[in-house]
Structure formats: structure tokens, C-alpha cells
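Counting convention: from 1, in listed order, for ligands and their atoms alike.
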Amino acid sequence: MANTREFPLAKTRNIGIMAHIDAGKTTTTERILYYTGKIHKIGETHEGASQMDWMAQEQERGITITSAATTAQWKDHRINIIDTPGHVDFTIEVERSLRVLDGAITVLDAQSGVEPQTENVWRQATTYSVPRIVFVNKMDKIGADFDYSVQTLHDRLGANAHAVQMPIGAEDSFEGVIDLIEMKADLYDEDELGTKWDTVDVPAEYLEQAKKRRTELVEAVADVDDDIMEKYLEGDEISNDELRAAIRRATIDLKFYPVLAGSAFKNKGVQMLLDAVVDYLPSPLDVKPYNAKDPETGEAVELTAGDDKSFAALAFKIATDPFVGRLTYIRVYTGSLESGSYVQNATKDVRERVGRLLQMHANHRQEIPEVFSGDIAAAIGLKNTTTGDSLTDPDHPLILESLEIPDPVIQVSIEPDSKEDQDKLDNAIQKLSEEDPTFQAETNPETGQTLIAGMGELHLDIMVDRMRREFHVSAKVGEPQVAYRETFTKQTSAQGRFVRQSGGKGQYGDVWIEFTPNDRGAGFEFEDAIVGGVVPREYIPAVEQGLKEAMANGVLAGYPLIDVKAKLYDGSYHEVDSSEAAFKVAASLALRNAVPTAGAVILEPIMKVEVVMPEEYLGDVMGQINGRRGQIDGMEDRGNAKVINAFVPLAEMFGYATTLRSATQGRGTFTMTFDHYSATPKSIQEEIIKKNGGNNSPREN
Ligand SMILES: Nc1nc2c(ncn2[C@@H]2O[C@H](COP(=O)(O)OP(=O)(O)OP(=O)(O)O)[C@@H](O)[C@H]2O)c(=O)[nH]1
């Protein structure tokens, strides 16, 4: 029995809302839900009553941590919204949302324009080819400046952004917006929480300016659209519908970014923003095909939306829900799926049953019988599926392009108070790392100490808080430390020979391995180049495994060794004494023996840091950055403030917030994101090795 879809594909919009922290994403989303009738009371995020930020930590701290999916209806369209966090520590949430979205609203604070995290998410959205419209929010705030904000889109992002509206007034006197396409003004009634407004002719005092801006808009559209260009040059009439259609085409092609104005907090401009979502952002039918490949043949397949195709979806988020258990958020690309059906997890090559399907509304949910192409929903019952897995028709398995998961750069040790707490901790780590792939844990086999790693101090802080509250773990937590890595910088070869003869059956493994530095981020690669069976085939996987295990424990100071190629090219075996275990040990010895000639170094995370401060503090701030082994990358003016861009090792950034605050009397702010790993200077490398007790020196057997 087939169900029918409620909204045609062409009337579906999957959008994200993204911005710098505190620009007003959550407030904007709240208002959207209010005006689309999904909620009946406006919850202010600063009062801790937001509908979207429902985790205790989100409500207490007034920030968004997990991205929540919700759905709303506007003018016959279904709009699925993902609210994404602004803080860089939760970048994975932004990343996974972008992967599954068709379009986005970029929210700016009208006083600041484009800010560092706006730049980050903008670039991520460009990587994923996500069309965007821009909402210049907080037009009511002191210092709000619409034109300045538009200019920052050009200057800082190089974006071809153009206003399709003009604000009427600013700060206290912000009253509404002029639609430059219709040439009408929307003036709000202050007392009606934004539910009432009058659409009137453009007030006389704004008319001339509005006309000038409209001409600029038409010219900007003509630059990216041949039809409009032709009409413009011929002096033909361009209808409003034609203009909108051209803006839509150019927006979807990432050639144009329409800019709107409003104040979510003062309930102004949100309805027009919804109109713009419908008018300019793509439906699943309008986006470029999604990349996938056949797991058997490796052949590339392009997926275009449609219900009459075989089912293919991407699991983009796992959440543990206190009431229904494990929720798997999915984006359906093609086909449809009824609850109770089986799907193939093509990534893991296992079959799974989807017990129930839910439409999510922040923390509420509605059971639905079936999902269709273009939908975003949550599935219950998938046990083996994790973030980034492909779920497809069992008869047509496909692997969909997944998401990039960044490496965690910061870690803390965690020591459970009792045996019982250790079990709770293990359970918490398993559940939380399923939810968040940038949260990882490892136990040092020698000390038994557990280290949890994440994207930043705030990230780990929240995770530890969740372990305590949701999983009742009682534990001592260490100070945050840098998640260093180790690597080789020179090509070298080494032998690993493991021979034991102690009565009865002995042990024998012998290998020669060539190690070559691999590109940063390329990981570990193993090559079997044995000829003539000098190492029998059955022991070769053990050699690879032995190397992997030894690399995980590092060779200098106990940090994982990464980005190395290993070629097994010679060795020997013993008819009776050889075993997999002996070859594993031999491989780990070869790794150790390679260290003196392999140019082993410790890698440290280098952060991209942006500091904004009044000019008078510039000298002091530069001095601080230099003193922290930072490299100044550039400097610019932002309004009447100065901005310094720099690369600084993460190890030097602990406590920087306090230093900056006292140096600038609280007027400087900074943001940082992980940029790359780089070798630590020799003196620092030695310090780290000393602090960690060093590693065993090379030995032979
Ligand atoms: N003056 C003014 N304040 C606003 C407006 N929109 C939001 N705010 C306030 O700005 C603060 C941040 O708003 P949020 O909606 O939580 O911002 P966010 O971007 O979701 O923040 P994160 O989720 O933490 O990244 C809150 O105190 C809001 O009340 C606006 O239009 N005008």
C-alpha cells in the first residue's frame, strides 16, 4: 500500500541556517516556526525557552550545540530546516548539515557584517556548492548598518551579493523593508509580534533611493543572466516575475547571493525571508546530481531526485533520544521507503531494518508511514549505522559521497572514580562518539588512562558535562592538552626480527620494511611487495596489523604516528616457529628500528586565529601573538576596529581569552579554527618527549 507524498518535490526546500555565533540563527528559526504556525509562543533564546535549543546545556548556555531538524510549511511549500551551531568547536554539525542541504540562509549581525565563523561556514558551503541567501539581522541594534554588511560580503568573502530589499530606518527607528522588486514597502505594526504589517507604496522620502537601488539590482542581475542582459540593453520591460526567476537561476548556480534585511528579535522581515526561501532557494529537483558509486564495480553514479527510483539515503547524524533511543537522521535522495522495511547499509555491507520513521520538530516528533525523495527524517531501529553511511535499496546498493570528518585537536584525561564508573564511562564514550564523530576516546594500554579528544575546550567541556548528567559518570578530569601527532619526514628501511627460543615451540618473525613520508592527511598506506614467498602470504595481514597497532602508540612521545607509507619488501620465516603473533611483533620492531633514520617529528595543530580590537591595543596584541610563536598573516580595518589574522600553535592558545581580555580591557575578541598540523620546533619536541617520559629507544632482537 503506497502512501502519497504531501508536498510535491518542486515545493520542498531543505535549508540550513548558518552564521557566526550570536548572529541570531536560533531566534530567526524560532520566528519562522512561529509564523508558519509550528509553535504558538515565541521562546527567547536568552530566556532559555527556545524550542530549537532543547539540550539542557544549550538552554543554560544560550548556544546551539547540536543541529536540530524541523519542518515548517509556507505558501504551499514544505521547508525542512536545520539549525546549525555557530561555535567553531561544533564545526562537524555545520559540515554534516551542509552535506545534506540544498540551500542555506546566512544570517549576519547588521552591526558586524561578515564575522570569522561566517567566513568559515561560507567557505564550507561553497565547498559543498550550497546556494545561499543572506539575512542581515539585528537591524534594530545600535550601530546596525545594512550597506556596510553587504559590503563585507564583497570584501571578506568576494561574494557577488546584492540587496533585493532596502531597510526603512535602522536601530531604534527600523520600521520595515522595501521590496526592490515589487517596489512596495512592508511596515510593521509594533504591537502585534510581527504578525501584522501593511504593504504600502514606497514612502515618498525613500522613493528616489529605492529606484536607484532597484536599477543597481537589475544591472547586477543582468551581469549574471543573459536574458535579463538582453532586455536591459534593448530597453525592454523586465517583469517582476522575470527578474525573480533570473535571481533564482543565478542563486542556484552560485553566481548571485540575494541580501535581505530584518530583525528577528523585533519580529520584522521574517515572512519576506520565507518568501525568499521559496523564490530563490532550490528544490531537490534543482540541485546538481548527487555523487555516488556502485560498491561492486566502483562505477560512478549520479543521483537525481525522484520517487520512482530505487531508495538511496545518507545517514548524516546519530542522536540518542531519552524516549525513543537511537535516532538516525537521514536525507533521502532518491526513491521512497516505508517504515518496517529493510535497507542495505552499503557502507558497512549489512542489512538493517527501519522500525519506525519520524518527522522531527526540534524535540517533538511525529510518526510517519513513509519517506520520499528529498525528505529529511529520522529512523529508529538502525543498529549498525553511523554518521556518513549510505542506506539503500537491498537490491541496488550504492555508496553516496560522505562527509569529511575533521581530526580532534585537543584532549583531556579522564579517570573514573570507581570500577562502576569505568563501565558507565565506556558506555558514555560509545554513545557520544556515535553521535559526534569528532569526539574520540582512546585508552593508553600501558597506563590504562583514558583520553577523550575533541575540537576545542568548549566541545570537551560540554561532553564531560553530558557524561556526568546523562550517563552519571563520576570522574576526575585533567587539564586540556594538545592532541599531538607524530610522523616520519625521511624515507628509510629497517629490519624487524623477532626470535624466541625457550624450550618447546619458539617464535620466529623477520621483516624488512621501507617507510616513506605520506602527504599530510593521507593517512597510513601499506604495500605488500614480497616476491618469492620469503614471507608467507598468511602472515602478511599480521605485519600490517602489527604496524597499525605500533603506530597508534607512537614512536617518540606516545602520540599516534600518522601519514606514513610502509612497503614490506623482504623477510624470512621458520617452518615451525613462525606465527601471526611473531610477525606482528617483528613489524612493530621494524617500525621502532626505523625511528633513528626516519626523521621522526612531533606534529602540532596550528590554529587560524583572528583577533578584533580597537586600534590602540594593536601593538600589545601583536606582541602577544609573536610571543606565542604566532605568525601574523595579515591585518585589516573593520569599521573602526583593527583585525589581525595569524597562525598560532594550539599549545600556545590556552588561556589566551584571559590574556586578551586584560590587555584590551575586555574590548578585544578572538576566534580560532584548526588549520593544519606542522612539525614542532626541536626544543619544544624535546620538552614534550621529556614530559611524556620518552619512548623506548631503538632495540634489536
Ligand atoms: N537586537 C537584536 N538582538 C537579536 C536579534 N536576533 C537575535 N538577537 C539576540 O542575539 C542573541 C543571540 O541570538 P541567538 O538566536 O541565540 O543566536 P544564534 O546565532 O542562534 O547563536 P548560537 O546558536 O549560539 O550560535 C540573543 O540574545 C538574541 O535575543 C535581533 O534581530 N535584534
Apply side chain to side chain donor-acceptor pair (under 3.5 Å) to the pair Gln271 and Tyr188, showing each step before the final yes or no.
-> CA-CA 11 Å; Gln271 293 89 346; Tyr188 279 84; 2.8 Å; yes
Arg78 side chain to Lys11 main-chain N or O, any donor-acceptor pair under 3.5 Å?
->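 Checking the backbone N and O of Lys11 against the side chain of Arg78, no donor-acceptor pair under 3.5 Å is found.
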Looking at His162 versus Tyr257, is the centre-to-centre ring distance below 6.0 Å?
->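 Not close enough - the centres of the two rings lie 6.0 Å or further apart.
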Heavy-atom distance to atom 8 (N) of ligand 1: which of Glu30, Lys138, Met139 wins?
->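 Checking each option, the heavy atom nearest atom 8 (N) of ligand 1 is found in Lys138.
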Nearest non-hydrogen atom to atom 12 (C) of ligand 1 belongs to which of Ile17, Asp22, Val136?
->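 The option holding the nearest heavy atom is Asp22.
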Should you measure from each heavy atom of Ser263, which atoms of ligand 1 turn up under 4.0 Å away?
->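 This gives 30 (C), 31 (O), 32 (N) as the contact atoms.
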Does the side chain of Thr251 come under 3.5 Å of the side chain of Arg132 through a donor N or O and an acceptor N or O?
->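 Side chains of Thr251 and Arg132: no pair found under 3.5 Å.
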Taking N or O atoms only and a 3.5 Å limit, does Asp140 qualify as a polar contact for ligand 1?
->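 By distance alone, the answer is yes.
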Counting both backbone and side chain atoms, is some N or O of Gly262 under 3.5 Å from an N or O of ligand 1?
->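 No: no nitrogen or oxygen of Gly262 is under 3.5 Å from one in ligand 1.
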Looking only at heavy atoms of Ala19, does any of them come nearer than 4.0 Å to an atom of ligand 1?
->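 The answer is no, since Ala19 has no heavy atom less than 4.0 Å from ligand 1.
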Candidate list His20, Glu610, Arg156, test side-chain contact (heavy atoms from CB on, under 4.5 Å), partner Glu115, passing option =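 By the side-chain contact (heavy atoms from CB on, under 4.5 Å) criterion, Glu115 pairs with just one of His20, Glu610, Arg156: His20.
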